[in-house]
Amino acid sequence: MSWLVLLLILYVIWDVNYFIRCVFTVFAGRLFQRKRKVTESTSIYGLCTSQDVDIFIRHMNNARYLRELDFARFHFYALTGLYERIRQRRGGAVQGASSVRYRRTIPIFHPYKIQTKLVWWDDKAIYLEQQFVTLSDGFVRAVALSKQCITNCNVEELLKTYPEAAKRPEMPADLKLWLDAIELSSQKLRKDK
């Protein structure tokens, strides 16, 4: 009975499902999937359940997309070994910015996958593109760009330790426009101080 009370308290205080899913996603990836090159895509799978839907109980709510992107990023870090290399340099990773473009909803009880790919990097951050793709029709339901700020280490030097990333790719046009918009926003906020 005390275990049940403890479990109930944990569920009230913390989002226990989030932590369980993080651990499951990382360990399942490490145990059952091959390592990936840092320039390769990774994929995780999900199902839009009753816990994921909006108030009308028809499709995934917008906040849930962001949560699912977290799991896909953790999976990417684990399969590429990138986070281990960051930690070896006493660094860390933190979400600096994200942008999601919703193209079509993911209906309740529909399976999907999230594909994550490193598209560019500079000396302070990596930039990921992530796509939600429904399995029934292969349609890209949402596309996200993510800026992952890497602390306490030079990202360009770090990525040179991967032979496949010795040469940085050209910056995608959509990423450039997004980063320009972020810079304009930052300048505006600095003026307001």
Side-chain angles (χ1 to χ4, degrees), residues 1-36 41-118 125-126 128-137 139-152:
M1 188 63 167
S2 63
W3 281 102
L4 186 59
V5 171
L6 179 62
L7 188 61
L8 181 62
I9 291 170
L10 284 175
Y11 266 90
V12 169
I13 296 173
W14 285 301
D15 187 353
V16 175
N17 289 340
Y18 178 84
F19 293 103
I20 291 171
R21 175 85 183 274
C22 286
V23 170
F24 175 79
T25 301
V26 169
F27 284 112
R30 286 186 175 182
L31 289 174
F32 302 113
Q33 293 181 314
R34 69 172 175 80
K35 284 276 195 189
R36 297 292 197 290
S41 292
T42 60
S43 296
I44 66 167
Y45 294 85
L47 177 71
C48 180
T49 69
S50 59
Q51 292 185 345
D52 301 323
V53 294
D54 68 350
I55 195 164
F56 301 110
I57 311 174
R58 295 181 59 199
H59 55 79
M60 186 179 287
N61 79 44
N62 296 344
R64 193 58 98 172
Y65 283 87
L66 296 174
R67 181 183 170 108
E68 293 299 312
L69 291 173
D70 270 355
F71 302 131
R73 276 193 303 276
F74 299 149
H75 182 258
F76 174 83
Y77 279 123
L79 286 188
T80 61
L82 183 56
Y83 193 70
E84 291 170 358
R85 292 188 191 195
I86 292 168
R87 294 300 300 154
Q88 287 170 356
R89 289 167 171 73
R90 303 205 189 295
V94 64
Q95 180 81 317
S98 65
S99 173
V100 181
R101 185 166 73 91
Y102 304 99
R103 299 182 69 221
R104 195 178 294 167
T105 62
I106 298 176
I108 190 169
F109 304 125
H110 276 63
Y112 60 87
K113 68 179 174 180
I114 303 172
Q115 297 173 309
T116 302
K117 183 168 179 57
L118 174 65
I126 64 169
L128 302 173
E129 180 183 85
Q130 296 176 283
Q131 297 182 350
F132 284 82
V133 181
T134 42
L135 300 182
S136 59
D137 57 8
F139 190 82
V140 178
R141 301 290 175 136
V143 179
L145 286 174
S146 170
K147 177 181 181 180
Q148 294 282 286
C149 297
I150 310 301
T151 59
N152 299 326

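If you read the sequence from its start, that first residue is 1, and numbering goes on from there.
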Can you tell if the side chain of [X] reaches within under 4.5 Å of the side chain of [Y], non-hydrogen atoms only?
X	Y	result
Y45	L135	yes
V100	L69	yes
C22	H75	no
V143	F132	no
Y112	V133	no

Taking only residues two or more places apart in sequence, or in another chain, which ones meet [X] in a side-chain hydrogen bond (donor to acceptor under 3.5 Å, both in side chains)?
X	answer
S146	Q95, Q148
Y65	none
E129	Q131

Practice prompt. Consider only side-chain N and O atoms of T42 and R36, and report whether a donor and an acceptor are under 3.5 Å apart.
Written response: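 Distance-only check fails for T42 and R36.
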
Rounded to the nearest 0.5 Å, what separates atom [atom1] in [X] from atom [atom2] in [Y]?
X	Y	atom1	atom2	answer
F74	T25	CZ	OG1	9.0 Å
K147	S98	NZ	OG	12.0 Å
L10	W3	CG	CH2	9.5 Å
L7	S2	CG	OG	11.0 Å
Q130	I114	CD	CD1	7.0 Å
L79	S41	CG	OG	11.5 Å

Worksheet item: Should the pair R21-E68 be classified as a salt bridge under the 4.0 Å nitrogen-to-oxygen rule?
Response: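 A salt bridge is present here (some side-chain N lies under 4.0 Å from a carboxylate O).
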
Worksheet item: Closest heavy-atom contact between A125 and C149?
Response: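 It is CB-CA, 4.1 Å.
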
Worksheet item: So which heavy atom on K35 is nearest to which on A78, and how close?
Response: NZ-O, 3.4 Å

Practice prompt. For F139, enumerate each residue passing the ring-ring contact (aromatic ring centres under 6.0 Å, His included) test, keeping only those at least two apart in sequence or located in another chain.
Written response: none

Worksheet entry | With D54 via salt bridge (charged side-chain N to carboxylate O under 4.0 Å, His left out) - residues at least two apart |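 Salt bridge (charged side-chain N to carboxylate O under 4.0 Å, His left out) check on D54 returns nothing, list empty.
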
Worksheet, complete the sentence: Applying salt bridge (charged side-chain N to carboxylate O under 4.0 Å, His left out) to R64 and not counting sequence neighbours gives D52

Holding to side chain to side chain contact (heavy atoms under 4.5 Å, CB included), I want the full list of residues that pass it with [X], two or more places apart in sequence or in another chain.
X	answer
I55	none
I57	V53, I108
N17	Y11, D15, Q51, R67

Item to complete: Scan residues 99-110 for pairs that pass side chain to side chain donor-acceptor pair (under 3.5 Å), counting only residues two or more places apart or in two chains.
Response: none

Donor-acceptor contacts under 3.5 Å from residues 82-94 side chains, at least two apart:
residue, atom, partner, partner atom, Å
E84, OE2, R30, NH2, 3.0
R85, NH1, T161, O, 3.1
R85, NH1, T161, OG1, 2.8
R87, NH1, G91, O, 2.7
R89, NH1, R85, O, 3.3

Item to complete: Would you mind listing every ring pair (Phe, Tyr, Trp, His ring centres under 6.0 Å) that reaches into residues 16-35, with sequence neighbours excluded?
Response: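 Counting only pairs at least two positions apart or across chains, the ring pair (Phe, Tyr, Trp, His ring centres under 6.0 Å) contacts touching residues 16-35 are Y18-F71.
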
